[in-house]
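Notes to accompany the following structure.
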There are 2 protein chains.
Amino acid sequence: MVTLAEVAQHAGVSASTVSYVLSGKRSISAGTRQRVERSIHELGYHPNAGARALASSRSNIIALMVPLRTDMYVPVMMEIAIAVATTARTHGYDVLLLTGEEGPDAVRRVAGSGLADGMILMDVELDDERLPLLRGARQPAVLIGLPADTEGLTCVDLDFKATGALCVEHLAERGHRDVAVIGEAPAVYERHTGFAERTLDGLRGRARELGVRLLHRPCEGGYDAMAVTLARILDERPGTTGFVVQNESAVEPLLALLRQQGRAVPEDVSVVAVCPDQVAVQASVRLTSVAIPAQEMGRHAVEQLVAKLDGRAGDEVVLLAPELTLRASSGPAPLP
Amino acid sequence: MVTLAEVAQHAGVSASTVSYVLSGKRSISAGTRQRVERSIHELGYHPNAGARALASSRSNIIALMVPLRTDMYVPVMMEIAIAVATTARTHGYDVLLLTGEEGPDAVRRVAGSGLADGMILMDVELDDERLPLLRGARQPAVLIGLPADTEGLTCVDLDFKATGALCVEHLAERGHRDVAVIGEAPAVYERHTGFAERTLDGLRGRARELGVRLLHRPCEGGYDAMAVTLARILDERPGTTGFVVQNESAVEPLLALLRQQGRAVPEDVSVVAVCPDQVAVQASVRLTSVAIPAQEMGRHAVEQLVAKLDGRAGDEVVLLAPELTLRASSGPAPLP
DNA sequence: AGAGGCTGTCGAAGCGCTTCGACAGTTTTG
DNA sequence: CAAAACTGTCGAAGCGCTTCGACAGCCTCT
C-alpha cells in the first residue's frame, strides 16, 4: 500500500503539503500541485480510509437503515436505497447498509463508533423507538417517512395526506359517489406506519368534504386475498364504482377480478393507484396513479443530511407534493 | 466520546489490557475482565471504528455491489442484499452499499482505501470488466452469479442450467411436446448476464434429449409486451401447451392473456415459472415454480467471504441445486 | 525604506487503537 | 529444588492521516 509519506517523498514535498493538495484546505502553488498530482497518479495512491477517519473524525460514510420486512412494496425501498447510494457518492460519501433487525442498537453502535457521520432511516413508524436516540444524539439524521412528533427531526416524505385527498377528488370529479380503498396489509396499519394512516386521513377528510362515501379495507397482496376483500366490499356497498389502491401487489389481482366479473375499467369502474410509475404502466390496464417518487425521496434525504453535516441546515420537514397522472383506468374528465 | 484510555483508567488497568479484553487475543484473569467490562458498560464505551481500522488494517466492513439497473426482478436483489447485511452482522461485519454506477472504479477505490476488507458482487456478466481487477487484488471477493471464466474466483449462484433442465423435464413428463420460453428482457441477454444464458442452455439441452420442441422469446415485462410476445409464439407454434417463464413481471400478464383466450391453466396449458416463491404464491394461479433462493445466495456469499478473510477457504464455485415446487399451474404427474 | 500583510510550505503533535516484547509472579517439571 | 514453562499484565511503538502554528520569502503600502 502506497502512503501519503511516499507520495510526499516522490514529489519532493512534505506530507502536509500532499494532504493540502488533496483536501484543498490551503492554497498550493500550481507547480507544486501538479507535481504532487503526478506522483499520486504514478504511484497509484489511495488515501487510507481508517487513518483519515481517525485523524479527521469524519468517516465520509452515511448509514442507511432499511426495513427488514417484506410486506411492503420492496421495489420502492430498493429504488430509494439506490438513489441514496448514488446521490451520496456525488457528495463524496459512501453508504453503509443497516437492516432494521438490530433496531435501536444499530443507532447506538453506529453513532458510538463513529462508523458513519450521519444516518438516514426508512420506514419510520409514527412512534418509532429509534427517535429518542436520534433526538439526543450529535449524529445528524434524516427520516424518510413522518413520525407523529417531528420536533427536532428532519424528515422527507411524499405528502400522503394530500395524495389521499387528490385521489378522492379525482374520482369525485368523475361522478363516483361510492369509493372503496384497498389499503396496505393489516400489519402495516397495526405497527402505525405513518404513510398508510396519513393517506387514509387525506382520503377521509376530502371524502367528507365532497360527500363521497368511503369504505376502507386493508388487504394482503395477492390474488386470493384480493378476491375475498373485493367480495366483501361489493357485498357491503354494491354501488361501489371507484377504487383507490395503495397496495401494489393487489393492483393486478383487482383488475383481473373486475374483468372476470364483467365490470369494465374505466367504463363501469374507475381505479386510481398509489404506486411507482413502472407498476402503473405495466398493469393490464394502464393505471391512473399518483407516483411514489422514490428516487426523489432518496435524493432529498441525502441532500438534507449532507447540508446538516456541513452545518448548512437545521431541522426541517420536506413533504413532496403528489402528482396524479391520468391514464386508462379512470374515465375522461367531465366537461366543464 | 469515551476512549479506551478512559476505560482503562476507570478500571485501573492499562489500555492494552482493555484491548485484550475486547479482542480476547490474550488470556485475562476473570477478575480483571469483569472490572473492565463493568467500566465499559458504565462509561458507555464504543470502540472507534477508524482507529481500529487504522491500527489493525481491518475495517470489518464488506462491500456489496448491487446493479443499478431495474430491468431485472428487483425484489430478488433486495432480498439478497438484506440477507447479506443480516448474515454479515452475525459475523461482526457491516455492509457498504455500492451501486454498479461507478463500475470498476468502485473496486479500485474500495480496495485501495482499505474501506472494506472484501467485496461481494451481484449481477455479474459473463465477461465482466471488474473481473481482472478482482483476480489481481489481494481483496478477497465473492461473486453472486457465474462469469464465463471462474478461474481464481469464488462464485455463488443457483444452478440455472439444472433449473432449465428441470423445467423441461417437468413439462415433458406431463406430455407437453411444444414448449415456449418467456425469457428476460432482451437487454439482459444483450449484456450477457450469465444466468439467463445458462438457463437457456439447460432448457435446450434437456429439450433435445427429451424430444421437446422449444421456442425461446425474450420479453420485456408488462401486459402489452407479453401480449405481443404471446401472439407471436402462438402464431409460430399453435400447438404450444407448455410455458416456462423466467421474467417475473411477465407472469401475471401471461396468465391473464391465457385466461382471456379461453386456454385453461392447467387443463389446457401448463406454466412453470422461475421466480421467488412469494410471486408464485401470489399469482392468480398458484404457480408451479423453481424458486430463486435469494436469501440462501446472500448468506452463502457472506460465509464464503468471511471464510476467505479468515484464511479458511480458497476459491470455490458453489452452485445451489434448484428445487421445483408443484403448484396449481401444471397438470398432475402422469400415472407411473 | 521599514512596517505590515500575503502565500506557500513545513514540522510536529496528535487522533484512538492494536500488538509486540518484556517481565514479575506462579506453576510445572526432571 | 533449581530450571523451565506458563499466565496475566504493562509500556511503547506505531498505523496513515489531518491540522495547527511557525516561518521564509515576497509584495504592498505609506
With a 4.0 Å cut-off on heavy atoms, is B:Leu54 in touch with a base, just the backbone sugar-phosphate, or nothing at all?
base

Side-chain N,O ([X]) to OP1/OP2 ([N]) below 4.0 Å:
X	N	answer
B:Arg26	D:dT9	no
B:Ser27	D:dG8	yes
B:Ser29	D:dT9	yes
B:Lys25	C:dT18	no

Minimum heavy-atom distance [X]-[Y], with the two atoms named:
X	Y	value
A:Cys155	A:Pro147	SG-CD, 3.8 Å
A:Arg135	A:Glu151	NE-O, 2.7 Å
A:Arg109	A:Leu98	NH2-CD2, 3.9 Å

Does A:Pro47 or B:Arg35 map to a spot on DNA chain D nearer the 5' end, using the closest nucleotide for each?
B:Arg35

side-chain contact (heavy atoms from CB on, under 4.5 Å) evaluation trace for B:His10 with B:Arg38:
CA-CA 10 Å; B:His10 186 271; B:Arg38 269 200 52 212; 5.9 Å; no

Regarding A:Glu101 and B:Arg89, does a basic nitrogen lie under 4.0 Å from an acidic carboxylate oxygen?
no

Heavy atoms of other groups near B:Asp149 CG, more than 12 under 6.0 Å:
yes

Check this for me: B:Gln9, atom CD, are more than 12 non-hydrogen atoms of other residues, nucleotides or ligands nearer than 6.0 Å?
no

Could you tell me if the side chain of [Y] sits less than 4.5 Å from the side chain of [X], heavy atoms only?
X	Y	value
A:Met77	A:Val66	no
A:Tyr93	A:Val95	no
A:Leu22	A:Ile40	yes
A:Val13	A:Val21	no
A:Leu121	A:Leu143	yes

Expressed as a whole number of angstroms, how long is the span from [X]:[atom1] to [N]:[atom2]?
X	N	atom1	atom2	result
A:Asn48	C:dC15	CG	P	18 Å
B:Arg58	C:dT19	CZ	P	10 Å
B:Leu43	C:dG16	CG	C1'	15 Å
B:Asn60	C:dC17	CG	P	14 Å
B:Ile40	C:dC17	CD1	P	10 Å

Do any of residues 4-24 of chain A sit with a heavy atom less than 4.0 Å from DNA chain D, and if so which?
A:Leu4, A:Ser16, A:Ser19, A:Tyr20

Divergence of helical axes at both termini of the helix from C:dA1-D:dT30 to C:dG30-D:dC1 - five pairs an end, 10° steps
30°

Extract from the structure each pairing of a protein N or O with an N or O of nucleotides 26-29 of chain C at less than 3.5 Å, listing the distance.
none

Which sits closer to the 5' end of DNA chain C, A:Ala55 or A:Gly31, going by the nucleotide each is nearest to?
A:Gly31

